[in-house]
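Remember, it's a predicted structure, so these values are computed and weren't measured experimentally.
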Amino acid sequence: MMNKKSKIVLVGGGSTWTPGILKAMTTHLSTFPIEKITLYDINADRQSVIGEFAKILFKEEAPDVKVTYTTDANEAYSDVDFVFCQMRTGGFEMREKDEKIPLKHGVIGQETCGPGGFAYGLRSIVDMQKMVNKVRSISPDAWILNYTNPAAIVALALDKLFPEEDKILNICDQPVNLLRSFASLIDFDANKFEPVYFGLNHYGWFKHLYDENGKDRMPEIKEIILDGGFRPVDAEQRDQSWLDTYAMVEDMLRDFPDYLPNTYLQYYLYPDYKLSKMDPHRTRTDEVREGREKKVFEECRRIVKNGTARDSSVVHNDAHGDMMVEVAASIAHNLRKTYVVMVRNNGIVANLPDDSMIEVAASLGANGPQPYAVGKIDTFYKGLIESQHAYEKLTVEAFMENSYTKALQALTMNRTVVDAKKARLLLDDLILANQKYWPELN
Ligand code: NAD
Ligand code: G6P
Ligand code: MN
């Protein structure tokens with residue numbers, strides 16, 4: 001079984017995350033053997049920088065793996081087992097607008113949360129629908145592993161647009177980032193956690209963190225965070241905004257001591273406070289452009305110029321690449337390891353809508369995720385999740401029905417907006433900014 005070599009295409013091959021995934025592929029070859037890797041992007045310039053880096057990396061680390069890059073979708077999607085997908089429709093130019101337009105209206109400006117996530121969501125659905133149709137016309141049996149954000153909305157949209165699909169898996173690295181950071185607090189190996197997690201993507205909570213003996217380590221971890229705060233395990237690689245974000249876990253824990261929250265909940269639980277910390281003229285996009293993006297592309301160019309990647313430090317987050325590759329390995333070789341992933345609820349959280357795309361722990365094998373039942377959740381969490389699910393569903397319906405009213409309902413439903421007059425002004429501004437990308441809403 002393990003001799004089977006996988007054929008992979010990476011969509012958004014020019015993404016800042018691609019070098020990390022490639023690096024993880026080179027370190028996981030014994031558990032995830034690879035025959036070929038194709039990088040695919042619509043931006044030839046970005047693609048060639050990362051593509052040339054990829055060739056050098058594999059020539060040095062795994063010369064048997066065939067590495068190519070292309071801007072041709074037909075070539076990219078032919079003869080593949082896995083489509084790893086992380087595209088950004090509209091690029092950083094549009095991410096900047098997703099963050100700065102809401103801030104002009106006194107609302108949280110964030111890539112995946114609130115009106116920014118809504119705007120990005122409507123753009124992503126358009127390209128993701130095209131991608132799935134194209135892949136299916138060429139490689140009907142390939143697994144599509146999607147990271148494209150806002151993953152919550154993309155997951156729900158793809159579930160509604162392709163209800164019969166059983167080989168699309170939407171994943172996020174934040175649960176695994178958090179698991180690694182929790183583990184470091186108690187000097188534990190994060191891979192050994194058996195987490196109980198529930199919620200929606202970027203909107204969930206850890207309920208238990210069992211170790212290999214079945215002991216719940218969450219009480220200890222909570223104590224440590226309440227005593228000394230919380231930092232990401234890779235703090236030295238993080239920008240200040242991420243350190244501030246992790247620190248908010250302590251606040252959330254103090255207010256709501258039941259569970260350990262996903263960091264993204266800070267925007268929904270403390271919108272006024274977070275807004276007061278945001279600069280309408282300098283957002284996360286500026287930080288990424290000057291930081292991660294600059295570093296990744298400069299480093300890849302340097303590697304290509306020197307012809308070696310041996311001395312490179314181009315990877316900025318191991319957890320991300322490791323998870324993407326390990327998830328694929330678990331499917332390819334039926335390993336049935338546990339990962340937190342997105343699935344259609346169908347009773348897994350007993351008192352949430354069946355059609356919500358929840359994020360939960362699942363055993364992952366050749367037939368996809370088999371989620372672990374969570375049971376009923378308490379009123380506070382149920383209420384929060386139901387309103388966020390309603391926002392996500394209205395966003396997807398706005399897309400499918402070209403409905404301005406549903407778009408307005410979606411934004412009004414979002415906890416970062418609430419006021420319908422504010423929602424209308426925001427929506428009209430977002431429509432103007434997204435004309436090139438969104439379907440018409442009327
Ligand atoms: P980026 O802009 O640097 O990279 C995205 C790449 O996708 C670009 O090179 C762009 O040209 C390309 N692209 C855009 N539209 C495309 C299309 N239709 N087909 C093929 N390629 C296309 O962005 P990034 O910061 O590297 O992030 C990439 C994506 O991964 C984003 O959606 C981001 O939100 C997501 N991401 C998700 C997670 C998660 O937890 N789910 C984690 C990290 C990144
Ligand atoms: C986390 C989230 C992702 C997000 C990433 C990068 O890992 O889970 O969904 O894309 O952070 O965010 P950044 O603001 O650094 O681009
Ligand atoms: Mn995520």
Asker: Run the numbers on D173 and R180 for salt bridge (charged side-chain N to carboxylate O under 4.0 Å, His left out), then give the verdict.
Answerer: CA-CA 11 Å; D173 60 16; R180 287 190 180 196; over 6 Å; no
Asker: Are a donor atom and an acceptor atom from the side chains of T283 and E99 found within less than 3.5 Å of each other?
Answerer: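 Side-chain D/A pair, T283 to E99: present.
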Asker: Sort out for me which residue in R292, R284, R289 forms a salt bridge (Lys or Arg N to Asp or Glu O under 4.0 Å) with D239.
Answerer: R284
Asker: Any side-chain donor paired with an acceptor under 3.5 Å for E440 and N402?
Answerer: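 No - no donor-acceptor pair under 3.5 Å links their side chains.
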Asker: Apply the salt bridge (Lys or Arg N to Asp or Glu O under 4.0 Å) test between R88 and each candidate in E293, E111, E96; give the one that qualifies.
Answerer: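 It is E111, the one option of E293, E111, E96 that forms the salt bridge (Lys or Arg N to Asp or Glu O under 4.0 Å) with R88.
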Asker: Looking only at side-chain N and O atoms, does H28 offer a donor or acceptor that is under 3.5 Å from a partner on E326?
Answerer: yes
Asker: Could you tell me whether the side chains of T112 and N149 share a donor-acceptor contact shorter than 3.5 Å?
Answerer: no
Asker: Where does the angle between the aromatic ring planes of F188 and F193 fall among parallel (under 30°), tilted (30 to 60°) and perpendicular (over 60°)?
Answerer: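 The rings of F188 and F193 sit tilted, inter-plane angle from 30° to 60°.
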Asker: Run the ring pair (Phe, Tyr, Trp, His ring centres under 6.0 Å) test against Y391 and tell me which residues pass, sequence neighbours left out.
Answerer: none
Asker: Please state whether the rings of Y197 and F206 are parallel, tilted or perpendicular, taking 30° and 60° as the class boundaries.
Answerer: perpendicular
Asker: If I compare all heavy atoms of E250 with all of G229, which pair ends up nearest, and what's the gap?
Answerer: OE1-CA, 3.3 Å
Asker: Write down the atom of D355, the atom of R344, and the distance for their closest heavy-atom approach.
Answerer: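 That closest heavy-atom pairing would be CA-CG, 4.3 Å.
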Asker: Over all heavy atoms of both residues, which pair between A361 and P195 is shortest? Give the atoms and the distance, please.
Answerer: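 For A361 and P195, the tightest heavy-atom pair comes out as CB-O, 3.4 Å.
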Asker: Give a yes or no on whether D244 atom CG has more than 12 heavy-atom contacts from other residues, nucleotides or ligands under 6.0 Å away.
Answerer: yes
Asker: Just how far is it from atom CG of N201 to atom CG of N170, taken to the nearest 0.5 Å?
Answerer: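 It comes to 8.5 Å.
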Asker: Could R123 and D127 be called an ion pair, given the rule that one side-chain N must be under 4.0 Å from one carboxylate O?
Answerer: no
Asker: Of all heavy-atom pairs between L441 and S403, which one has the smallest distance, and what is that distance?
Answerer: CD2-N, 4.0 Å
Asker: Starting at CE of M278, measure out to CD1 of I108 and round the result to the nearest 0.5 Å.
Answerer: 4.5 Å
Asker: Between F84 and F32, how do the two ring planes meet: parallel, tilted or perpendicular, split at 30° and 60°?
Answerer: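 The arrangement is parallel - the two ring planes meet at less than 30°.
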Asker: I'd like to know if D41 pairs up with R46 as an ion pair, taking the criterion as any Lys NZ or Arg NE/NH1/NH2 lying under 4.0 Å from an Asp or Glu carboxylate oxygen.
Answerer: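 So D41 does not pair with R46 through a salt bridge.
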Asker: Is there a donor in the side chain of Y270 and an acceptor in the side chain of D255, or the other way round, less than 3.5 Å apart?
Answerer: yes
Asker: How long is the gap from CD on Q110 to OG1 on T245, to the nearest 0.5 Å?
Answerer: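 If we round to the nearest 0.5 Å, Q110:CD and T245:OG1 are 8.0 Å apart.
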Asker: Donor-acceptor pairs are to be reported for all side-chain atoms of residues 212-224 against protein atoms at under 3.5 Å, with residues two or more places apart or in another chain.
Answerer:
{"residue": "D216", "atom": "OD1", "partner": "L209", "partner atom": "N", "Å": "2.9"}
{"residue": "D216", "atom": "OD1", "partner": "M218", "partner atom": "N", "Å": "3.0"}
{"residue": "D216", "atom": "OD2", "partner": "H208", "partner atom": "ND1", "Å": "2.7"}
{"residue": "R217", "atom": "NE", "partner": "E220", "partner atom": "OE2", "Å": "2.8"}
{"residue": "R217", "atom": "NH1", "partner": "D211", "partner atom": "OD2", "Å": "3.1"}
{"residue": "R217", "atom": "NH2", "partner": "E220", "partner atom": "OE1", "Å": "3.3"}
{"residue": "K222", "atom": "NZ", "partner": "P257", "partner atom": "O", "Å": "2.8"}
{"residue": "K222", "atom": "NZ", "partner": "D258", "partner atom": "O", "Å": "2.7"}

Asker: What heavy-atom pair brings Q86 and T18 nearest, and what distance separates the two atoms?
Answerer: NE2-N, 4.1 Å
Asker: Out of Y268, F198, Y267, Y264, which one pairs with Y203 under the ring pair (Phe, Tyr, Trp, His ring centres under 6.0 Å) rule?
Answerer: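 Passing option: Y268.
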Asker: ring-ring contact (aromatic ring centres under 6.0 Å, His included): which pairs involve residues 145-172, sequence neighbours left out?
Answerer: Y147-H320
Asker: In Å and rounded to the nearest 0.5 Å, what is the CG to CE distance from N146 to M131?
Answerer: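 So the gap between those two atoms works out to 6.0 Å.
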Asker: Once rounded to the nearest 0.5 Å, what's the spacing between atom CG of L384 and atom OG1 of T379?
Answerer: 11.0 Å
Asker: Where do K376 and A350 come nearest, in terms of heavy atoms and distance?
Answerer: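 Where K376 meets A350 most closely, the heavy atoms are CG-CB, 3.9 Å.
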